[in-house]
Each structure stands twice: as C-alpha cells, then as structure tokens.
Number of protein chains: 2
Amino acid sequence: MSRPSTPAAKASVGGPPGRRYHHGNLRQALLEATVQLIETQGLDQVSVRAVAKMVGVSPGAPFRHFPTRTALLTAVAEQAMDRLREEIDKALAAAAGENALMRYRALGIGFFTWAFGNPVHFQVISTRAVIDFEGSSLRARNDEIRAVMADMMRDAQAAGLLRRGDPVRYAVAGRALGYGLARMYIDGQFPSWDVEDLNPLQEVIGIFDQFIASIAA
Amino acid sequence: MSRPSTPAAKASVGGPPGRRYHHGNLRQALLEATVQLIETQGLDQVSVRAVAKMVGVSPGAPFRHFPTRTALLTAVAEQAMDRLREEIDKALAAAAGENALMRYRALGIGFFTWAFGNPVHFQVISTRAVIDFEGSSLRARNDEIRAVMADMMRDAQAAGLLRRGDPVRYAVAGRALGYGLARMYIDGQFPSWDVEDLNPLQEVIGIFDQFIASIAA
DNA sequence: ACCTGAACACCGTTCAAGT
DNA sequence: ACCTGAACACCGTTCAAGT
C-alpha cells in the first residue's frame, strides 16, 4: 500500500540469499525488512526471526545491532520521527510569511501528509506497547513539536487571531484532533462515516480546516 | 490504578489454587484475570498461559472457552463496549430534555467518563492489533454510536444551533477529538502539555466544551 | 568485528486421556 | 461436559564457536 521506506532497497532484501560473511549494512537492511514485513503481514506478525530470515541472516544476528525486539521497532519509530520532522519543517518553511494560526495549520497539514504517506511509520510510532517511547529520543522530539504548537497558538492569541478561550487548550485540541483523525483512517474507520472517500487526505485537511475556522476570531 | 472489573472478584482469582475439577465459571474468571494482568503487567504481557496460571487451571483449559488469544481479548473488548454503552445511555437519559448539541456534548462526556474510569478497557478496545474488531459485535456497535452522533449533529444544524459547515464533519471532528484526547491521556502525554492536572477528566471535558462552543452558532 | 547455530525458557494451540 | 498434561511449532534472547 505505502511506498518503500528508502529510495533504493538493499541488495539482500530481494536478491539471492548469498550468505556472505559480512552483510555490509545489516542494520539498515533489518529496518527496511521490518517495515516491509509490517506492510505485508501486520505489526503483530513481526518477529525478529522472521526479519532475520527475510534478510538472510541467522536468528541471532539482529541482536548484534538491536538488543531487543523493542529496540528494533523503536529504531523504526525513530526513522519515522525523522520523516515527520522533515515534513513539518518543509511545511513550515513554505508558510514562513504567514500568521501564527496559518503556521499552525501548515504544521497540521505536514503531520497529515506524513501520516497518510507513511501509514506503517505512523502505526509503529503510535503503538506505545511495542516501542520504548520514554527511553528513546522520541519523547524529547515529540515534546519539541508540542512546544512549537503551543507557542503558535499563544502567538495567535496575542495577535488577536483567536476567539476567546485558553490557547493551549486549542493547541491540545488540534493535536488530539489530528491524532484521532489519523488513527481513525489507519484503523479503517473512514468508510463507515459518510466521509466522501475521494481522497482521504483531502477530506482530513477539510475537517482540520473547519476546526481552524471555528477557533478563529 | 483503575478499579476491578466486576463488583466481586471470583473465588479462585485470589483464593487458594484448590485445583477443583470443575471451575464453576472459568470463562468469567479468565476475563477478570486478563483485565487484572493488563493492569499490573501491561497488555503485551498477557499470555493465555499466564492467565490460566493466575486462575489456577492448565495451559490448555482457556481454549475450551476462547478459541484463540485474540478471542479472549476480543471478549474483554466486548465487555468494555457493554460498559461504554451503559455510560452513554445514562448520560443521554440525563440530557433527554436538552437540544441536539447538548445531547452530543452529553454523549461525549459519557465517553470520557467511561474511558477515564476504565483505562484498561479503553486500551484493549482501541488496540486493533490485538482484537478482532471486524469479526465481532464491535464493528456494528461502534457504528451504532457513530450514527447517533452524526444524527445529533444534523439535528443541531437543522435547529440552527451550529455555525455554517458540514455537520457530519463536525461529528467526525468531535469523535476524533475525543478519541485523541483519551489516547493522549492513556499514553501519558498530558503531563508534558501544560494541562493542569488537577483532574484530567475535568480538563478533558473543558477542552471538549471549548470545541462545542467553537462550533456553536 | 561480525555472524552462525545450538541452546534455553518461553508462547499459542492441539488433542488424547482422564474425571 | 470440562479439565489435565504432554506435545508441536513457534519466539526472544544468549553465547560459544567460527571467519
């Protein structure tokens, strides 16, 4: 469904098993195989052994690069966070000249673009049971984005762009709305809502825009 | 953290192993032990074997009542749905005389009350990877609630209670907001937001109320 | 330095055998 | 009818041994 994780798939993922002594870049190959496995079999079907077999190494080999299964999936989540950050930075750069509320909107659209374009990554990063969110870089990087969102809403209020009400509450609401919408989409809940499924990303942006409009002064 | 799942815990859950031939009500005892295990050890630590041991039966015994581990957790989710429905019905009964928008608000508060009062149940029902949502009663019962929400918003619009915009979009937004907020709370994201943690339930209702106010005419 | 392959303690699930 | 307990094919993880 979603595009592969990197521009070029590593040799051994699809190629002949080749059982070389040194793999070359086992770490990255494992990450890619993990994403591929989730795409095809689902997150719960990901076993370290299956990933190892897919890459053509022995069951114990991955443990030289990732101490636990959780660490492997956490590394996938960290790559996901890299891409989310890229998408957000791109969106914010494009909206540099606009007001605080429109920059908040741009950030939100960056998030949706990322989530819908990388559903597996979104799924992994939002499945806390399977990654180490607190013990990795994820918590801090997540908090950074949160802080940016809160600042934007405070700026928007200072600029008189918001109707009355606590701006941080609006920021939290926007975050929860975005998270909830992405999750509903990934979980396949959209068809049952009367949501026109022309383009789910467009539809979600429409709902988000309606939210933005409703909190604007 | 959360209260036990039923008024009275079954005998064998805490009592002496007693290894009786007939358990009496193994099915229900398994469900309760599962919830308890999730509370103490986390969802990922739930194994059928651990649940069996907790209840004092052999590893194979649960499979007479639940064909798979997924079926066991799905049954927990179905009990969760029972309670959600009760909470919603109670809230709607209390708001019977009010207008459509206020009834939507009441439904939302019923949802929050349930989610915050039964965090384990919320977690199970919202962890799709671990239950059979589509192949159980969950899909239909979820759709029923969705339909009620959409109808309320349409009624609210017909009664001139909403600012302009697609009422179904508002309904979806409210649902996603509620889901996202509950999820953020369960995942422990509240502390990092400047959200005053007096009472998280109160805070969430405050955010939800701000949403309701922002879409009102 | 990096990987293999056997080993250990788990799991989910099945099923003949007991009561 | 309901449960036991052995069995099977998995898993995550470790570690001595190979290259």
Side-chain angles (χ1 to χ4, degrees), chain A residues 10-13 15-34 37-38 40-76 124 127 129-132 135, chain B residues 10-13 15-34 37-38 40-76 124 127 129-132 135:
Chain A
K10 273 303 171 209
S12 65
V13 169
R19 188 122 339 206
R20 295 182 294 319
Y21 171 57
H22 282 90
H23 184 280
N25 193 355
L26 182 53
R27 190 192 146 87
Q28 183 57 26
L30 290 168
L31 292 175
E32 287 165 22
T34 301
L37 241 178
I38 300 173
T40 56
Q41 316 274 2
L43 182 50
D44 44 325
Q45 290 301 321
V46 172
S47 70
V48 177
R49 293 176 104 103
V51 172
K53 185 185 288 188
M54 202 164 163
V55 173
V57 294
S58 74
F63 290 90
R64 182 153 297 270
H65 298 271
F66 304 101
T68 62
R69 184 188 116 111
T70 297
L72 171 62
L73 288 166
T74 302
V76 172
V124 172
T127 304
V130 102
I131 59 175
D132 184 8
Chain B
K10 273 304 171 209
S12 65
V13 169
R19 188 120 340 204
R20 296 179 296 320
Y21 171 56
H22 281 89
H23 183 280
N25 193 354
L26 182 54
R27 190 192 147 87
Q28 184 56 26
L30 291 168
L31 292 174
E32 287 164 24
T34 301
L37 241 178
I38 300 172
T40 56
Q41 315 274 2
L43 182 51
D44 45 324
Q45 290 301 322
V46 172
S47 70
V48 177
R49 292 177 105 104
V51 172
K53 185 185 287 187
M54 202 165 164
V55 173
V57 293
S58 73
F63 290 90
R64 182 153 298 271
H65 298 272
F66 304 100
T68 62
R69 184 189 116 112
T70 298
L72 171 62
L73 288 165
T74 301
V76 171
V124 172
T127 305
V130 102
I131 59 175
D132 184 8

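Please read these numbers as outputs of a predicted model, since none were measured by experiment. A, B, ... follow the sequence lines: proteins, then strands. Residue 1 opens every chain.
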Find the distance [X]:[atom1] to [N]:[atom2] and express it as a whole number of Å.
| X | N | atom1 | atom2 | answer |
| --- | --- | --- | --- | --- |
| A:F66 | C:dC3 | CZ | C1' | 15 Å |
| A:D44 | D:dG12 | CG | P | 12 Å |
| A:K53 | C:dT4 | NZ | C1' | 16 Å |
| B:Q45 | C:dA9 | CD | P | 18 Å |
| A:M54 | D:dC11 | CE | P | 14 Å |
| B:R27 | D:dC2 | CZ | P | 13 Å |
| A:N25 | C:dC2 | CG | P | 11 Å |
| A:L37 | D:dC11 | CG | C1' | 14 Å |

query: Using a 3.5 Å cut-off on both pairing distances, which stems of three or more Watson-Crick or G-U pairs include DNA chain C?
result: C:4-8 with D:12-16, C:12-16 with D:4-8
What closest approach, in Å, do [X] and [Y] show between heavy atoms, and which atom pair accounts for it?
| X | Y | answer |
| --- | --- | --- |
| A:V48 | A:P59 | CG1-O, 4.4 Å |
| B:V51 | B:A33 | CG1-CB, 4.1 Å |
| B:A71 | B:F66 | O-CD2, 3.9 Å |
| A:L30 | A:V55 | CD2-CG2, 4.1 Å |
| B:A50 | B:L37 | CB-CD1, 3.8 Å |
| A:T34 | A:V76 | CG2-CG2, 4.0 Å |

- prompt: Is the closest side-chain heavy-atom distance between A:T40 and A:Q45 below 4.5 Å?
  reply: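 No, too far: nothing below the 4.5 Å cut-off.
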Side-chain heavy atoms of A:H65 within contact of A:L72, under 4.5 Å: no
message: When you measure from the side-chain N and O atoms of A:H65 to the phosphate of C:dC2, is any distance below 4.0 Å, counting only OP1 and OP2?
response: no
Atom pairs under 3.5 Å: protein N/O with N/O of nucleotides 13-16 of chain D:
unit_1 : atom_1 : unit_2 : atom_2 : d
D:dT13 : OP2    : A:R69  : N      : 2.6
D:dT13 : O4     : A:R49  : NH1    : 3.4

task: Please check if the side chain of B:T70 supplies one atom and the backbone of B:D132 the other of a donor-acceptor pair under 3.5 Å.
output: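 A pair under 3.5 Å: no.
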- prompt: So which nucleotide from D:dC11, C:dG12, C:dC3 ends up closest to the side chain of B:S47?
  reply: C:dG12
